[in-house]
Amino acid sequence: MAEPQVPILVAVAWPYASGSRHLGHLAGAYLPADVFARFQRLAGNRVLMVSGSDVHGTPITVRADAEGVTPAEIADRYHAEFLDAWERLAISWDCYTSTGTENHAAVTHDIFLRLLEKGYIDRRTSDQFYDAEADRFLPDRYIEGTCPHCGYAEARGDQCEDCGRTLDPEELVDPRSKITGAEPEVRSTEHFYLRLSDFEESLGSWLDSREGWRRHVLNFSKGWIEEGLQDRAITRDLDWGVAVPVDDLGPGKRIYVWFEAVIGYLSAAKEWAQRQGDSEAWRDWWEGDDARSVYFIGKDNIPFHTIIWPAMLSGYGGLNLPTDVPANQYLTFKGGKASASRGVGLTIGEGLRLFEPDGLRYALAASLPEQSDTDISVEEIVRRINEELIATWGNLVNRVLSMVHARCDGAVPEPGDRTDADTELVADVDAALVSAADQIDRVELRAALRTAMEAAAGVNAYLNATEPWKLAETDPDRARVVLGTALDAVNGVRVAFTPYLPFSSAALEEVIGPVDAWRRPELSPGMPIGKPPPLFAKVDVEELFADDDGEPG
RNA sequence: GGCGACGUAGCUCAGCUGGUGAGAGCGCCCGACUCAUAAUCGGGAGGUCGACAGUUCGAAUCUGUCCGUCGCUACCA
């Protein structure tokens, strides 16, 4: 477990404001980041959790063109949708912004200019397709043609959606512009390139020295290095994006989205600092030797966070490289990769319509694809909520509070004379908190949640063994001691659930007091305990499947 | 095609720096209990750890080949 007061940057993948995000995104990045951040705060560390909507990039302009609106309208629409989702899920951002801010452009320009000055960025000329009718260069996605592999007539310049193969636009048979339908011509264009190859050696040894990283993350990243790093263009012929801070290239060029999106972590930290009224406050997380930075992303984002962003950071100089990138694998829905565009799985909004937020958070946290792709379904979410969360934890809270209310004069009893078994139960709970802390700190969030559930099951077993409902008739004093012990145990177990279940945890705080650190809080004897309402509502399967078309998702 | 990950009980997964009898949750069966959201607790059945070959005294764990699934393949980010 980390020493107290460590600055921890919780950097979370920037959701792409080109459409609704789905439960795979939630389980891949936002939920694990939130659990980790909530834990670290309780553990006494200084957490800065940042992200924002990525509002640039081709899919947004493609969608805007298709709908006949501006890219900004698309970005605004989904940015608002994301904000609403975060609020309903209680994702505890310190700063959630977007890449559309002036601050972000300024930070991007600072990094760009420094890298340019230090020679890590240079200019090169390349040939690219041009639509003379529309008077603009065409990104690969804006070129359509016949796939040379399968003959599909609507293949895109980057990929054929029919056979799934990756394409180069010049491979297309009968290429045409998606904008005007005109046959594109080849023109030379000048762009800035990031000299990634300059960092091949230093990044290689940096990766070799990483410890505790997930195997697939490390292997994948090293694989990139071994294949040889290629310099990458970081500007595009676009009119939607962050402006290029030098005018050498002339108009119609923008910084390409992948280069500026990762800079968002830094610009969001700076934006947060400005809002705090101390514009230098971000430095603790980015420059401190003791600071940690943990990046929560899906596996498709690995090279950007283990290769490209570290290259940019080390080229810039003086800023901390990622401490860990615990990228998740994919959440699959009945075997298929979740994809909002292909209609596989549930969007976050759909998930929130079907389930209460804590239930959804629990089910996803218990299924996080930490080591391998994990398959989930609506039925599985229901099972997790009803058979695990409610049966073991919700019911435990309810049975203990109900008995304390009924058998202890509706108040927290005095500890009294506890037996060895009594003190052992509470000691086991305290030990579980230590284990869970260690697991969460290592970003083993499924395991930590299991630790919490096992602790809850231990309290259930204690109750079955001691049978306080019988003692209440035969030995009321002993019954009060047992129930006080069980209440103390519940009081400890809830701490382990707090990062995962913010809503029900807050409800429980109303009853037995606040959780303000990663330890079992003191209970105040005499504190009144009313008749408790259930912490969670059971999911009614009949009702769920009776919804609209009978298909829950 | 290349690269990476994965393939372990009915389901979802852990274990994989090689070594006491292969695990967990849920489901299923039996029993206990009835305070509690028909919840809980105990016990049990159930797997030749994808296939084949190899290394080793010993492999789910290492190596090779094959089969299958998923992802990436640098203009999605």
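Here the structure is a predicted model, which is why all the values come from computation and not from measurement. Quick note on labels: first sequence line is chain A, next is B, and so on, each numbered from 1.
For a distance-only test at 3.5 Å, the side chain of Arg446(A) fails to qualify as a donor-acceptor partner of the base of C13(B). At a cut-off of 3.5 angstrom, counting only N and O atoms as typed in the model, there is a donor on one side and an acceptor on the other between the side-chain of Asn464(A) and the base of U40(B). Judged by atom type and distance alone, Asn395(A) reaches the base of A36(B) through a side-chain donor-acceptor pair under 3.5 Å.
Rounded to the nearest Å, the gap between the C1' atom of G50(B) and that of C70(B) is 15 Å. Taking atom C1' in both A24(B) and G46(B), the straight-line distance is 15 Å, to the nearest Å. As rounded to the nearest Å, A38(B) and U48(B) have C1' atoms that lie 40 Å from one another. When the C1' atom is used for both C57(B) and G64(B), the distance is 22 Å, rounded to whole Å. Comparing U56(B) with G18(B), their P atoms sit 16 Å apart, to the nearest whole Å. When the C1' atom is used for both U17(B) and A59(B), the distance is 14 Å, rounded to whole Å. When the C1' atom is used for both G19(B) and G58(B), the distance is 7 Å, rounded to whole Å. On the C1' atoms, U40(B) is 48 Å away from A77(B), given to the nearest whole Å.
Among the atoms of the strands shown, base atoms are found under 4.0 Å from some heavy atom of Leu535(A). If you check every strand for non-hydrogen atoms under 4.0 Å, Ala457(A) touches sugar and phosphate atoms only. If you check every strand for non-hydrogen atoms under 4.0 Å, Gly264(A) touches nothing. Across all strands shown, Ser367(A) has no heavy atoms under 4.0 Å from either base or sugar-phosphate atoms. Trp14(A) comes within 4.0 angstrom of nothing in the nucleic acid, heavy atoms only. At the heavy-atom level, Glu387(A) lies under 4.0 Å from the strands shown only through sugar-phosphate atoms. Asp54(A) comes within 4.0 angstrom of the backbone, heavy atoms only, and of no base. Nucleic acid contact for Pro139(A): base, since at least one base atom lies under 4.0 Å from a heavy atom of the residue. Within 4.0 Å (heavy atoms only), Arg236(A) reaches at least one base atom of the nucleic acid.
The Tyr256(A) side chain lies nearest to A77(B) when the options are A5(B), U40(B), A77(B). For Glu227(A), whose side chain is taken as the heavy atoms from C-beta onward, the closest listed nucleotide among U37(B), C41(B), A74(B) is A74(B). Considering only the side chain of Glu380(A), U12(B) comes nearest among A74(B), U12(B), A77(B). Distances were taken from every side-chain heavy atom of Arg232(A) (C-beta onward) to each of C35(B), C13(B), A74(B); the shortest belongs to A74(B). Among A74(B), A77(B), G25(B), the nucleotide with an atom closest to any side-chain atom of Glu388(A) is G25(B). Nearest nucleotide to the Thr392(A) side chain, out of G25(B), U40(B), A77(B): U40(B). Of all nucleotides listed (C33(B), U40(B), U37(B)), U37(B) comes nearest to the side chain of Pro534(A). Residue Gln128(A) places its side chain closer to C75(B) than to any other of G25(B), C33(B), C75(B). In the set U40(B), U34(B), A24(B), the nucleotide with an atom closest to the side chain of Asn460(A) is U40(B). Side-chain proximity of Asn301(A) to the nucleotides A77(B), A74(B), A24(B) is greatest for A77(B).
Taking the ring axis of Tyr500(A) as reference, the NZ or CZ atom of Arg361(A) does not stay both within 45° of it and closer than 6.0 Å to the ring centre. Relative to the ring axis of Tyr142(A), Arg136(A) places its NZ or CZ within 45° and under 6.0 Å from the centre.
Under 4.0 angstrom from either OP1 or OP2 of A39(B) there lies at least one side-chain N or O belonging to Lys538(A). Taking side-chain N and O atoms only, Ser372(A) has no distance below 4.0 Å to OP1 or OP2 of C70(B). The phosphate of U34(B) has OP1 or OP2 within less than 4.0 Å of a side-chain N or O from Lys470(A). At C13(B), one or more side-chain N or O atoms of Thr374(A) fall inside 4.0 Å of OP1 or OP2 (strictly under the cut-off).
Between Phe112(A) and Phe259(A), the ring planes lie perpendicular to each other; the angle is over 60°, past the 30° to 60° tilted range. Ring orientation note: the planes of His79(A) and Tyr96(A) are close to parallel, at an angle under 30° on the 30°/60° scale. Ring-plane geometry between Trp258(A) and Tyr256(A) is classed as perpendicular, the angle between the planes exceeding 60 degrees on a 0 to 90 degree scale with a lower cut at 30.
With a 3.5 Å ceiling on both atom-pair distances, the Watson-Crick or G-U wobble partner of G4(B) is C70(B). Under the Watson-Crick or G-U wobble criterion, with both distances below 3.5 Å, A39(B) has no partner in any strand shown. Judged by Watson-Crick or G-U wobble contacts below 3.5 Å, the nucleotide G25(B) has C11(B) as its partner. Remark: C76(B) base-pairs with no nucleotide in the shown strands. Criterion, Watson-Crick or G-U wobble with two distances under 3.5 Å. Pair assignment for U63(B) gives A53(B), based on Watson-Crick or G-U wobble hydrogen-bonding distances that are each under 3.5 Å. Within the shown strands, nothing qualifies as a pairing partner of A45(B) under the Watson-Crick or G-U definition with both distances less than 3.5 Å.
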(request) Dump the intermediate steps for side chain to side chain contact (heavy atoms under 4.5 Å, CB included) on Arg176(A) and Glu144(A), then the final yes or no. (result) CA-CA 5 Å; Arg176(A) 59 189 181 275; Glu144(A) 284 182 340; 3.9 Å; yes
(message) Assess the residue pair Val412(A) and Val404(A) against the criterion (side chain to side chain contact (heavy atoms under 4.5 Å, CB included)); give the C-alpha distance rounded to whole Å, side-chain angles, the decisive distance to 0.1 Å, and a yes or no.
(response) CA-CA 7 Å; Val412(A) 176; Val404(A) 169; 5.6 Å; no
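Within the 3.5 Å criterion, the main-chain N or O of Thr419(A) finds a donor-acceptor partner in the side chain of Asp422(A).
Mapping Arg215(A) and Gly223(A) onto RNA chain B by nearest heavy atom places Gly223(A) closer to the 5' end of the strand. Positionally, the nearest nucleotide of RNA chain B for Phe220(A) lies more toward the 5' end than for the other of Phe220(A) and Phe304(A).
A donor-acceptor pair shorter than 3.5 Å cannot be found between the side chains of Thr347(A) and Ser20(A).
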